[in-house]
Amino acid sequence: MPPVPPAPSDDSSTGPLQSGGIAAGLEKARRDKLRKLTELGLDPWGSRFDGAASIAAVREQGEPLKRPEGEPPADDGPTVRVAGRIMLQRSAGSLVFISLADRSGRIQIMLGKKQVGPENWKVVDCLDLGDLIGVDGRLGYSKTGELTVFASALTFLTKSIETPPDKFHGLVDTELKQRMRYVDLIHGEGVRERFIARSRIVASVRQTLFDRGYLEIEGPTLQDSAGGAAARPFKTHHNALDMGLVLRIALELHLKRLLVGGMERVFELGRVYRNEGVSPRHNPEFTMLEAYEAYGDYVSMMDLTEAIIRDAAKVAGTPPTVQWMGHEIDLSKPFRRVKYDDLLREVVGCDPSDPASIVAAAASRGIDTAGRHPDVIKSELFEATCESTLSAPTFVIDYPAAICPLTKRKAGQPDIAERFELYVAGMELANAYTELNDPDLQEELFRTQLAGLAADESMARMDTDFIRALRHGMPPAGGLGIGIDRLVMLLTQSASIRDVILFPIHRPQTED
RNA sequence: GCCUCGUUAGCUCAACUGGUCAGAGCAUCUGACUCUUAAUCAGAGGGUUCUUGGUUCGAGUCCAAGACGAGGCACCA
């Protein structure tokens with residue numbers, strides 16, 4: 001790459017993010033150094049740099065070089081090569097100490113004017129916090145006992161022309177942390193670790209399922225009608241086909257088609273979209289796992305759920321007992337299982353089998369009961385009273401059938417659906433059914449609009465192709481859905497879903 | 001969509017009831033320093049107090065509207 005000609009001195013206002021004033025001054029100092037680097041014949045944007053060891057590995061190499069207190073440090077350490085970002089810089093005249101960070105950790109670099117030679121020293125003058133460099137040098141300990149790479153050569157890898165945040169506090173402003181996640185990942189306390197944990201959790205969920213013989217599949221995210229859940233979809237349009245489309249709100253109906261197709265154990269782990277409110281527990285796009293197992297039922301799904309969570313907790317480094325959202329949660333014990341009606345009776349003190357008792361209890365709590373289906377009232381009563389009491393991991397089982405249009409009814413009890421929801425710290429984490437595979441009943445339920453539910457909050461959306469699939473014979477099956485973001489919240493003790501989503505939704509930043 | 005709270009230098013934060021209140025640390029620049037650890041020391045520069053309007057002799061501070069965010073509600077059966 002040919003050297004860049006010196007830029008005009010007023011180039012500091014060209015950046016898209018410049019607001020003038022001091023920002024321009026801070027950037028100018030960095031652009032001056034960038035120019036100086038090119039004048040030295042160096043490419044300030046670097047190039048391939050082979051053979052760098054991870055800093056964690058280098059730190060391990062340094063262990064045996066330690067000497068007892070009082071003895072002079074070993075001076076025969078190996079020569080190492082590392083690369084990373086300058087996080088801290090301390091200058092003591094012609095001696096510069098740098099804290100260099102890579103994906104695995106941090107290590108101190110010492111650059112001495114005498115040690116690196118005059119050519120390298122000119123480069124040292126161009127270094128800023130945030131720059132990326134490569135270093136070759138001997139591994140040893142400084143006089144104060146800090147593991148240090150004593151640099152003999154310096155390779156400039158990339159200039160940073162933006163000022164990093166406060167070196168001690170990092171980014172604190174939640175808005176900036178989320179909008180500039182790249183900065184938050186560099187400087188935020190535990191941020192990178194949290195997203196590493198997320199990656200491991202997702203990998204673990206897949207592995208737990210693979211180990212049980214599941215196949216991972218990919219269903220359509222663009223659909224002509226959104227089924228499998230009650231939620232408002234995002235709407236879009238296909239130009240060439242001139243057709244309206246919606247983004248999926250659940251994975252369910254296509255996975256079940258695959259059960260019909262003989263893929264007896266299938267799962268999808270992917271993004272779903274719901275055009276609804278934002279909260280510490282809701283983001284419009286979020287990651288869902290759904291898994292279906294032929295010849296299983298909701299009880300087998302409980303066992304699977306516990307296995308998925310326990311395995312994930314292991315790889316995430318989650319302690320057996322976690323403090324989260326003001327709850328102390330023991331993940332090591334088998335999860336409690338309690339019937340929906342029993343819980344209502346226990347918490348509310350009403351008779352769940354008596355609609356009049358339910359209506360009275362709901363009305364006394366300000367829940368609108370007029371003209372609404374008894375099971376809708378019951379469900380609202382449950383949410384208002386029971387959910388927040390479920391601190392320890394709890395499978396709530398056997399739901400009112402009317403609010404479960406995709407679920408098989410209990411044998412001999414048509415009013416009870418074989419469904420569970422898993423609650424932890426008052427939050428819904430998972431939802432599972434013994435899957436309804438009777439095509440005629442399914443068709444009828446798709447047509448049933450429960451009293452008191454608006455059309456767009458109902459699951460009563462006919463999917464004729466899905467009915468046709470069921471008519472070909474779907475094996476009896478258990479099905480499970482887990483909110484992966486919420487699972488990551490639990491396993492990393494995060495208070496907001498936005499803390500575990502790299503780029504949560506935001507309104508556009510105002511430019512002025 | 002509704003309610004409450006917040007927004008001050010690149011970052012992290014100050015500024016009692018409206019009256020030298022535009023301030024500090026980090027960062028930046030200049031200088032000193034070959035063993036520092038958020039290095040230290042001396043000096044310098046840096047502001048549309050989110051925006052617009054209003055009240056007032058006087059507004060970072062009070063009022064109104066708007067932008068963005070946080071929490072709550074609604075929504076999420």
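The structure displayed is predicted, hence computed values, not measured ones. Reminder, nothing fancy here: chain letters follow the sequence lines and each chain counts from 1.
Backbone-only engagement by A:S379 is indicated by non-hydrogen atom pairs under 4.0 Å involving sugar-phosphate atoms exclusively. A:K33 comes within 4.0 angstrom of sugar-phosphate atoms only, judged by non-hydrogen atoms across all strands, and of no base. Contact annotation for A:R498: backbone-only contact, meaning every heavy-atom pair under 4.0 Å involves sugar-phosphate atoms and none involves a base. Within the nucleic acid shown, A:G112 has no heavy atom closer than 4.0 Å to any nucleic acid atom. Residue contacts shown for A:H187 are absent, as no nucleic acid heavy atom lies under 4.0 Å away.
If you check residues 279-290 of chain A against RNA chain B, the residues with a heavy atom closer than 4.0 Å are A:P280, A:H282, listed by number. Taken residue by residue, residues 55-64 of chain A places no heavy atom nearer than 4.0 Å to RNA chain B.
Side-chain atoms of A:S142 come within donor-acceptor range of the base of B:U36, with a qualifying N/O pair under 3.5 Å. Not a single donor-acceptor contact under 3.5 angstrom links the side-chain atoms of A:D166 to the base of B:G10. Evaluation of atom-type donor-acceptor distances gives a pair under 3.5 Å for the side chain of A:Q108 against the base of B:U36.
The side chain of A:L88 sits closest to B:A39 out of B:A27, B:A39, B:U34. Nearest to the side chain of A:E146, among B:U36, B:U12, B:C29, sits B:U36. For A:R179, counting side-chain heavy atoms from C-beta on, the closest listed nucleotide (B:A77, B:G69, B:U28) is B:G69. Closest to the side chain of A:Q115, out of B:C29, B:A39, B:U34, is B:U34. Minimum atom distance to the side chain of A:R507 is reached by B:C68, of the listed B:C68, B:A38, B:C75. When the nucleotides B:U28, B:A70, B:C29 are ranked by their closest atom to the side chain of A:Q178, B:A70 comes out on top. Of the candidate nucleotides B:U34, B:A77, B:A39, B:U34 has the atom lying nearest to any side-chain atom of A:K113. The side chain of A:F168 has B:A38 as its nearest neighbour among B:A77, B:G69, B:A38. Of the candidates B:G69, B:G71, B:U12, B:U12 carries the atom nearest the A:V172 side chain, counting heavy atoms from C-beta on. Taking every side-chain heavy atom of A:T163 into account, B:A27 is the closest of B:U28, B:A27, B:A77.
Using a 4.5 Å cut-off on side-chain heavy atoms (C-beta onward), A:M462 and A:I467 make contact. You'll find the side chain of A:R103 reaches within 4.5 Å of the side chain of A:R192, heavy atoms only.
When both pairing distances are held under 3.5 Å, B:G60 makes no Watson-Crick or G-U pair with any nucleotide shown. The base-pairing partner of B:C76, taking Watson-Crick or G-U wobble contacts with both distances under 3.5 Å, does not exist among the strands shown. Figure legend. B:U20 is base-paired to no nucleotide; pairs are counted as Watson-Crick or G-U wobble with both atom distances under 3.5 Å. The pairing partner recorded for B:U34 is none, the criterion being a Watson-Crick or G-U wobble arrangement whose two distances lie under 3.5 angstrom. Base pairing of B:C68: its partner is B:G6, meeting the Watson-Crick or G-U wobble criterion (both donor-acceptor distances under 3.5 Å). Look at B:U28: its Watson-Crick or wobble partner, with both distances under 3.5 angstrom, is B:A44.
Side-chain N or O atoms of A:R248 include none that pairs as donor or acceptor with a backbone N or O of A:Q223 at under 3.5 Å. Without hydrogens or angle criteria, A:T448 side chain to A:E444 main chain gives a donor-acceptor distance under 3.5 Å. With hydrogens and angles ignored, the 3.5 Å screen pairs no side-chain donor or acceptor of A:S357 with any backbone N or O of A:C350. Although no hydrogens or angles enter the test, the distance criterion places no donor-acceptor pair under 3.5 Å between the side chain of A:R181 and the main chain of A:F503. Side-chain N or O atoms of A:T305 include one that pairs as donor or acceptor with a backbone N or O of A:M301 at under 3.5 Å.
One interatomic measurement links the two molecules: CG of A:L176 to C1' of B:U12, which rounds to 11 Å at whole-angstrom precision. Distance, A:R274 CZ to B:A77 P: 6 Å, rounded to whole Å. To the nearest angstrom, C1' of B:C73 lies 15 Å from CD of A:E276.
Look at A:R90 and you won't find any side-chain N or O under 4.0 angstrom from OP1 or OP2 of B:U36. Neither OP1 nor OP2 of B:A70 sits under 4.0 Å from any side-chain N or O of A:K177.
With A:Y340 as reference, A:Y399 is the one residue of A:Y399, A:Y423, A:F395 to meet the ring pair (Phe, Tyr, Trp, His ring centres under 6.0 Å) rule.
Separation of the P atoms belonging to B:A64 and B:G6 is 13 Å when rounded to the nearest angstrom. Using C1' as the reference atom, B:C26 and B:C63 are 37 Å apart when rounded to the nearest Å.
Interatomic distance, CD1 of A:I107 versus CG of A:L100, reported as 8.5 Å (0.5 Å rounding).
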All N/O donor-acceptor pairs, side-chain side in residues 358-367 of chain A, below 3.5 Å, sequence neighbours left out:
from	atom 1	to	atom 2	distance (Å)
A:S364	OG	A:A361	O	2.8
A:R365	NH1	A:A361	O	3.1

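Between the side chains of A:R419 and A:N431, at least one donor N or O sits under 3.5 Å from an acceptor N or O.
Each of A:G145 and A:L95 was matched to the nucleotide of RNA chain B holding its nearest heavy atom; the match closer to the 5' end belongs to A:L95.
In summary, A:D32 and A:R35 engage in a salt bridge, as defined by a charged side-chain N under 4.0 Å from a carboxylate O.
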